[in-house]
Structures are given as structure tokens and as C-alpha cells.
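Below: one structure, written as C-alpha cells.
It should be emphasised that the depicted structure is a prediction, and the values quoted were computed from it without experimental measurement. In what follows, every heavy atom counts, from backbone to side chain, and hydrogens, waters and symmetry copies are set aside. Residue numbering restarts at 1 for every chain, and letters A, B, ... go by the order of the sequence lines.
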Amino acid sequence: MATFDRNTSAHCLSLLVANRPGVLVRIALVFSRRGYNLDSLVVSPTLNPDFSRMNIVAHGNPEILVQIIKQLEKLVDVIQAKDHTGSNTVEKELALIKVRCKPEQRTEILQLCDHFKAVTIDMTDTSMIIQITGNTDKIDAMKHLLDKFEVVEYIRTGKVIMLRGEDIT
Amino acid sequence: MLYFLQKNDSNLLRTLMTNHALSGAQVILDCLKREGVDTIFGYPGGSAIPLFDALLDSNIKMVLSRHEQGATHMADGYARATGKVGVVLVTSGPGATNTFTGIYTALMDSSPIVVLAAQTTTPNLGKDAFQECDTSGMTFAAVKHSFLVKNPNDLPRIVKEAFHIARSGRPGPVLIDLPKDVTAGNCTASFSDEIDLPGYKIPTYADPAAVEKAAALLKKATKPLLLVGHGAIISNASRQVKELAEKLNAPVVETLLGLGAFPETHPLSLGMLGMHGTAYAHKAVLECDLIMSIGSRWDDRIVGKIEEFCKGATIIHVDIDPAEEGKILQPDAFLCGDAKLVLEQLLPLVSRLDTDDWVKTCQTYKKRYPLTYPKQGGLRMQHIISTVYELTKGKAIVTTDVGQHQMWVAQFFKADYPRQFISSGGAGTMGFGFPSAIGAAIGISSELKWPICCFAGDGGFQMTEFELSTAAIHKLPIKIFVMDNKYLGMVRQWQDMFYGKRYSSVSMEGNPDFVKLAEAYDIKAFRIKRSADAERVIQKALDYNEGPVLIHCECEEEDNVFPMIPAGAPLTAMMTEPPKGQLEKPTGST
Ligand SMILES: Cc1ncc(C[n+]2csc(CCOP(=O)(O)OP(=O)(O)O)c2C)c(N)n1
Ligand SMILES: [Mg+2]
């Protein structure tokens with residue numbers, strides 16, 4: 001992968017693709033050849049069983065992104081590729097955060113959960129798994145606050161997006 | 001009777017034998033016939049046997065190459081000469097990997113081929129079985145599209161889609177990965193003309209608003225220039241290009257692969273643009289106030305330094321591929337569609353421009369900076385090519401390999417007809433010239449009495465020379481000019497000009513005697529050593545009509561191609577003659 005440039009912006013793409021073998025590889029090649037980093041990828045069924053929806057968050061030069069979208073649309077199995085960065089969408093991610101904690105630390109962690117509308121989905125004498133949903137910033141903030149405890153494991157889904165109102169993403 | 005039916009209509013045969021299901025292989029061949037395929041180029045092997053077996057009962061002609069790369073270039077040459085889809089059939093593993101260079105070459109030049117690559121059986125996939133190869137995985141980046149077939153009943157649809165994708169829109173190579181149990185298994189699916197490709201869009205006419213915008217921009221131009229590329233040939237738009245040039249009274253330059261799209265002998269033609277294009281083409285590009293590309297993609301060999309290219313000029317871009325918009329240059333108007341249809345839209349909206357002075361200026365440049373070459377010294381490639389051009393009166397199909405000779409053919413064989421000039425442009429694949437001539441010779445109708453003249457360097461010819469057997473067996477009317485300068489001339493030229501003449505691995509010491517080589521294949525051969533003999537010997541070679549003939553041309557060893565623009569340099573850096581002293585290393589690639 002190409003060098004990661006902090007000044008480049010993150011873009012949120014939504015692709016509608018035909019469920020054909022190899023489609024994911026072809027899409028990945030379009031990005032990697034042009035030095036784009038994929039931050040996250042979600043593949044989901046759609047209402048039509050022949051198609052899947054992909055949401056991709058990628059970092060890179062915005063001018064190259066224009067080319068990437070055209071190259072994606074050129075793929076035979078890609079029905080549509082759109083950049084939704086800045087459009088009127090709802091965006092959600094989910095994270096699971098495992099914290100090692102003593103029973104006396106629990107209350108503070110539960111208060112944090114309460115504040116972020118996160119839930120605990122597993123608890124032992126020495127650990128908790130917290131599930132949080134929301135946009136990227138909210139999850140980053142929660143993770144940051146939990147860092148003062150001992151976070152032992154952490155996983156995030158990719159971002160899923162949907163246009164507000166009746167418009168189809 | 002049965003034999004007759006087998007030979008001529010396997011579908012009819014099937015209806016007579018309805019209780020017999022067809023094998024996947026038989027269905028594939030039936031599908032090929034429905035697509036109008038008359039010839040397959042290929043090479044057999046274990047996994048491909050079911051297909052080769054079925055071929056015996058079909059009337060599709062099988063051309064056995066001597067290497068799968070050769071077969072793939074043949075199919076490509078066939079496609080470029082005829083406009084039809086070229087078909088390749090190879091076995092799994094090394095058979096498939098040997099086609100890779102040919103597939104990539106076809107992709108880079110938008111040439112329609114379908115590669116049928118046999119594969120191990122489906123249960124063996126992923127188990128490192130003998131000659132298993134993830135062919136579709138390895139070729140993702142080199143195909144327009146590909147299919148891995150897992151069920152024989154998918155074959156009719158997939159073959160249909162493969163041909164549709166290969167030939168439509170911006171054409172390109174399509175690969176079908178065919179496990180042996182799929183070709184050997186039974187297929188009960190019926191043929192269908194349905195295509196299920198919801199993501200595949202084929203641009204036809206351009207957005208009328210863009211066409212109007214282009215017409216308005218053209219109206220304001222005083223020094224317009226048309227740049228014609230391969231897309232114009234692919235879309236059969238030559239007539240429309242000529243009409244547009246004449247209607248506007250605008251000069252025309254062409255890319256390497258655009259040669260022949262507009263007659264080079266036409267007064268408005270300024271020949272080829274690019275690293276080794278004509279000086280007058282470059283002068284015109286530097287001065288024009290509008291450049292309209294028709295089916296070209298602003299290759300780096302054309303634009304040189306992008307920021308300097310046609311600075312200040314209006315840019316109109318006609319291309320069938322929407323992804324070409326702004327890829328290299330940001331156009332003022334982008335007309336996305338098939339070149340022929342788009343020009344038909346545009347033609348009624350334009351009228352003659354006030355360009356008499358501009359055309360006169362360009363024609364003066366043409367007189368002042370003509371393409372020439374030194375007449376003294378040893379045998380020159382330019383002389384061979386000019387002589388072939390004169391003796392054939394320009395009525396020949398010409399294929400080239402890659403290197404200095406290629407550039408000289410582009411300069412000195414004035415192509416007037418589309419599909420007459422065949423060369424590997426985007427990929428610059430050495431080894432392409434000779435097999436592509438074989439494909440062209442097989443593809444073009446025998447009523448066209450034009451000779452097929454292949455010009456290959458001593459280096460590149462040796463990459464696929466073994467196809468001499470293929471040419472000999474089929475008695476193809478190919479005139480193989482081996483342009484022997486005992487060097488990898490084009491690389492040597494770079495080392496000469498930019499690397500202080502430090503020659504590294506460019507000597508072709510060890511070349512065979514190409515006359516003897518041809519004779520070993522029972523092919524007629526001539527030798528030319530002196531310019532004075534060229535005309536007589538070439539005439540003899542052209543007159544020979546009992547199959548291929550090879551002409552070993554022993555040329556000047558250290559001749560360099562001019563004009564030249566160093567890679568990545570602006571067009572103003574053009575050299576029309578050898579520079580004095582050492583030059584900076586070029587910034588652009590290769
Ligand atoms: C397969 C391949 N390998 C290497 C090159 C790089 N290359 C470009 S031109 C050239 C020299 C070609 O020599 P020759 O065939 O003798 O033609 P000449 O330039 O001498 O006319 C080489 C090595 C290439 N284009 N293709
Ligand atoms: Mg040579």
C-alpha cells in the first residue's frame with residue numbers, strides 16, 4: 001500500500017454490486033493499484049438477492065478518488081458506485097471493547113457506558129465487553145476514555161451509511 | 001449424411017439426437033458458432049482434451065500455434081484486422097499462464113479476444129492439483145472481465161456474455177476459466193440470447209448538451225486540430241472523421257494505433273504524434289488553439305509533460321469509456337459515446353471554419369520538416385519500409401513488432417486505410433508482430449489480395465519466431481521482414497543518447513542466420529544487405545505466392561530514430577536530428 005498521507009481525506013462510498021464470484025477482488029484491485037488505503041469495508045445483502053451493498057471508507061487524494069469511482073463503475077459487476085461524503089446520510093459503526101477491570105472499577109465504566117448509550121454484553125470478575133454504536137467520533141471518544149482502564153481487545157465494524165428520507169443510497 | 005450434418009450443423013444434429021445430452025464442450029462450440037466464430041487459435045493439453053475432442057466434430061477451424069503466447073497474439077491480430085472477436089483455446093496451468101502477455105497486450109489496446117482456458121476439475125480447485133492454476137485470479141488485472149464456470153448449465157449464458165463484453169463498448173479481452181468436469185459434463189441448458197449483466201453499460205450517443213458545447217467550442221477555434229486514435233478505428237468511424245476534418249477544414253494528427261483511421265496521404269493529414277511522431281504534427285500541437293481527441297486516451301507517449309501539453313488550448317475529448325474523462329487531461333467538453341455515433345451527432349452542428357491560414361501554416365511545416373533519413377551508409381530500415389510502401393502502393397496489411405523498426409514503419413508506411421496498420425501500442429509487446437500477422441492473414445478475406453507485411457526486429461522476432469511452422473503449414477501470404485540491426489535497437493538508442501553510450505545487454509550477438517532459419521521450416525527466404533538490392537529483392541518477395549516468405553534485412557547497426565521527444569519532456573524538447581553531446585536522463589517512464 002502507498003504511504004499514508006494524513007492530509008488526505010476519508011471518503012465514504014456506497015457500491016451496489018452483482019453477486020458474482022470475484023467482484024470483491026476486482027474492487028480491491030481498483031483501490032490498491034491507485035495507492036488507496038481501505039479503512040473499512042462492509043458487505044451486506046440487499047432486498048434483491050442478486051445484489052449486494054458495499055460500504056467502503058477509504059483514505060486518499062480526492063482527485064484520485066474521482067478516478068477510482070469511474071474505474072469501479074467500469075467493472076462489469078458494479079451497478080453503481082457513489083461517494084456519499086458530505087451528503088445527507090445517517091452513518092453508524094459498532095465497536096466491541098473488552099476491558100480488564102476490577103469489580104471496584106465497574107461503576108465508573110458503567111457510568112461511561114450510560115453516557116455513550118453503550119451496553120455491556122459480557123461481564124466476568126475481571127473483565128467486561130462493551131458494545132457501542134454510533135458515528136466514528138463518538139466511538140473514538142468512548143475508546144479514548146476507556147484507555148485509562150486496561151483495554152485488552154477492540155474491534156470495530158466498518159461504517160454503514162444510508163441516505164436520509166426516501167432517497168435510495 | 002450423418003457426417004455431413006456433423007460437419008455443418010451440430011445444432012441440427014442435436015435435434016436429431018435429442019436423447020443424447022450434449023457435453024459442456026459441445027455446447028461451448030455451438031455457442032461459438034452462434035457468435036460467428038470461424039477460427040480458434042490454441043494449444044492442447046490434458047484439461048483441454050474434451051474441447052479439442054469436440055472440435056473434431058465441428059467446422060470451426062483450429063489453428064495450432066507453437067506457443068500459447070503466439071496463439072493469443074494471433075487471435076489479437078485476427079481481431080484487429082477483422083473487427084471480429086479473436087478466440088484462444090488453451091490448457092490449464094502453464095498453457096493458461098503463457099497467454100498472459102497476450103491478454104495484457106489486448107487489454108492495453110482494447111482488442112476483443114475471448115480466451116478459453118481449461119482448468120483442473122472443480123473438486124480439485126484450491127488443492128494444488130496437477131496443472132491447477134488460479135487463472136482467473138492471476139488475470140483479474142489484465143482482463144476486461146472473466147468468468148470461472150462451475151456448472152455446465154451456465155455455459156450458454158456465460159459464453160454469450162463473454163462475447164458481448166469482449167466486443168461491445170470499449171472492447172477488451174475476456175477470459176473463461178473452464179474446469180474439465182464442466183467441459184466433460186452434460187449441459188442441459190438451452191441457448192438463450194438473454195444477457196444478465198445489470199452493471200454493464202455501453203455508451204452509444206453522447207449527451208446532446210455536450211455535443212452542442214463541443215460544436216460551440218469548435219466554432220470559436222481558429223487553429224483547430226483533430227487527434228485521432230484507435231477508438232476511431234474500432235468504431236469504424238473513418239468516414240465520419242474524414243467528413244469532420246474536411247467540413248471544418250482542420251488538420252489531423254494520429255496516434256500510433258490511430259494510423260489509418262484518416263488517410264495519411266490526405267492534404268490535411270500531419271501524420272503521427274508522439275515520442276517519435278512527425279515534427280510537423282508536434283508543431284501543430286504546440287500552436288493549435290483547440291485539440292479534439294477522437295478515440296485516444298492522451299497516452300504519456302503522446303502528451304509528454306502533461307502540464308505543458310496544449311497549454312491554453314481548448315480540449316474536446318470523445319471517448320466511449322467514461323473513466324477516460326479527466327484521467328490525464330481535464331477536457332472542456334467530454335463526449336462520452338461511440339466515436340462514429342458521436343461524430344454523426346456533431347457533424348450537422350458544425351460548419352467550415354476560417355482556417356485557411358492555419359492549414360497553410362501546417363502544410364508549410366510539413367514541407368519544411370519532412371521525415372527523412374540519410375541516404376549514405378549501409379542499408380537503412382527506413383529504405384526497406386519506403387520501398388515496400390512504394391511497391392505495394394500502400395495496399396498491404398502491415399504488422400510490426402516493437403522497437404526502432406516499429407517507429408520507422410509508423411513514419412514511412414503511410415497508412416491510408418483503417419485496420420491496415422497493426423502494432424502493439426499500449427503494451428509495446430515484443431514478439432507481437434509476427435503472430436499478429438498470422439492472425440490477420442487468417443482473418444482477412446482471401447479476396448483482399450493485399451500482402452501481409454510483417455516487420456519485426458531481430459530481437460522481437462526471436463521471441464515468437466517458432467510460429468514459422470504455423471505460417472508454413474497454412475501457407476499464409478506473409479512477407480516477414482526481419483529488420484536485423486544486431487541490437488535491441490530501441491534500448492541501445494536510449495543508452496546511446498542518455499547513458500553515455502554505455503551499452504548494457506543490448507547486443508544481439510548470437511543471432512541466427514535468419515535465411516537458414518526460414519529454410520529449416522521450408523520457408524522461402526531472401527537476404528538484403530545493400531540498399532541497391534532492396535527494390536529487386538522486395539519485388540521478388542512480394543511476387544512469391546506460395547506461402548510465407550522471409551526477408552532477412554541486414555541493416556545499419558547503430559541508426560537512431562528521429563524525431564524524438566525524451567519521455568516525460570514537453571513537446572518543445574523535440575529533437576529532429578542527433579543531439580550534440582550527452583542528454584539528461586529522461587524523467588518519464590521507459
Ligand atoms: C517483451 C518485451 N521485453 C522487453 C521490451 C523492451 N524493449 C523495447 S524495444 C526493445 C528492443 C527491440 O529490439 P529489436 O526487436 O531488435 O528491434 P529494434 O529496436 O532493433 O528495431 C526492447 C528490449 C519490450 N518492449 N517487450
Ligand atoms: Mg534490432
Side-chain angles (χ1 to χ4, degrees), chain A residues 1-2 11 13-36 38 41 43-56 58 60-83 168-169, chain B residues 107 110 119 122 125-126 134-151 154 157-158 161-166 168-177 179 195-203 297-298 306 319-330 334 336:
Chain A
M1 287 251 161
H11 295 270
L13 312 186
S14 173
L15 276 69
L16 186 65
V17 306
N19 286 330
R20 297 278 172 90
V23 62
L24 183 58
V25 184
R26 291 182 218 267
I27 288 169
L29 283 172
V30 169
F31 284 92
S32 66
R33 182 163 163 207
R34 291 165 185 82
Y36 246 71
L38 295 194
L41 165 69
V43 185
S44 156
T46 63
L47 295 175
N48 181 338
D50 295 337
F51 301 146
S52 291
R53 175 73 67 183
M54 289 189 191
N55 283 173
I56 295 174
N61 171 323
E63 276 165 37
I64 296 179
L65 187 77
V66 175
Q67 293 306 315
I68 287 183
I69 290 180
K70 287 180 187 160
Q71 294 293 339
L72 290 172
E73 290 233 317
K74 188 169 157 179
L75 293 175
V76 170
D77 289 336
V78 172
I79 288 120
Q80 187 190 63
K82 270 196 209 160
D83 182 5
I168 301 298
T169 316
Chain B
L107 180 80
S110 310
Q119 182 58 280
T122 43
L125 287 173
D134 183 359
T135 310
S136 18
M138 287 172 74
T139 51
F140 274 133
V143 294
K144 179 173 175 185
H145 197 60
S146 54
F147 300 88
L148 169 58
V149 191
K150 295 246 178 101
N151 180 341
D154 290 337
R157 174 184 58 82
I158 286 179
E161 290 177 356
F163 276 81
H164 176 65
I165 293 169
S168 61
R170 178 176 185 168
V174 177
L175 179 131
I176 313 182
D177 208 348
I195 283 171
D196 179 23
L197 297 168
Y200 185 58
K201 310 131 198 129
I202 307 171
R297 58 187 168 83
W298 313 111
I306 296 172
D319 205 300
I320 197 163
D321 181 355
E324 290 299 338
E325 179 180 5
K327 189 184 81 179
I328 306 292
L329 292 174
Q330 207 55 56
F334 185 72
C336 184

Practice problem: Identify the heavy atoms of B/Asp321 and A/Lys74 that sit nearest to each other, and give their distance. | Solution: OD2-NZ, 2.6 Å
Exercise. Using non-hydrogen atoms and a 4.5 Å limit, figure out which bit of B/Ile165 sits close to chain A: side chain, backbone, both or neither.
Key: side chain
Practice problem: Name the region of A/Arg33, side chain, backbone, both or neither, that has any atom closer than 4.5 Å to a heavy atom of chain B. | Solution: neither
Exercise. Working to the nearest 0.5 Å, report the span between NE2 of B/His145 and CG of A/Asp77.
Key: 4.0 Å
Quiz item: Going through the distances and angles, do B/Asp196 and A/Arg20 end up as a side chain to side chain contact (heavy atoms under 4.5 Å, CB included)?
Solution: CA-CA 11 Å; B/Asp196 179 23; A/Arg20 297 278 172 90; 3.3 Å; yes
Quiz item: So how far is it from B/Ser136 OG to A/Arg26 CZ, rounded to the nearest 0.5 Å?
Solution: 8.0 Å
Quiz prompt | Side chain / backbone / both / neither for A/Val25 at chain B, heavy atoms under 4.5 Å | solution = side chain
Quiz item: How long is the gap from OH on B/Tyr200 to CG on A/Leu75, to the nearest 0.5 Å?
Solution: 12.0 Å
Self-check item: Contact check, side chains of B/Pro198 and A/Phe51, non-hydrogen atoms, under 4.5 Å
Solution: yes
Quiz prompt | Portion of A/Ile69 that has a non-hydrogen atom of chain B nearer than 4.5 angstrom | solution = neither
Exercise. For the pair B/Lys327 (side chain) and A/Gln67 (backbone), establish whether a donor and an acceptor sit closer than 3.5 Å, ignoring hydrogens and angles.
Key: no
Practice problem: Of all the heavy-atom pairs spanning A/Lys70 and B/Pro322, show the shortest one and how long it is. | Solution: CD-O, 3.6 Å
Quiz prompt | Crowding at NZ, B/Lys150 (>12 non-hydrogen neighbours, <6.0 Å) | solution = no
Exercise. Specify the closest pair of heavy atoms between B/Phe140 and A/Gly22, including all atoms of both residues, with the distance to one decimal.
Key: CZ-CA, 3.9 Å
Exercise. Using non-hydrogen atoms and a 4.5 Å limit, figure out which bit of B/Glu161 sits close to chain A: side chain, backbone, both or neither.
Key: side chain
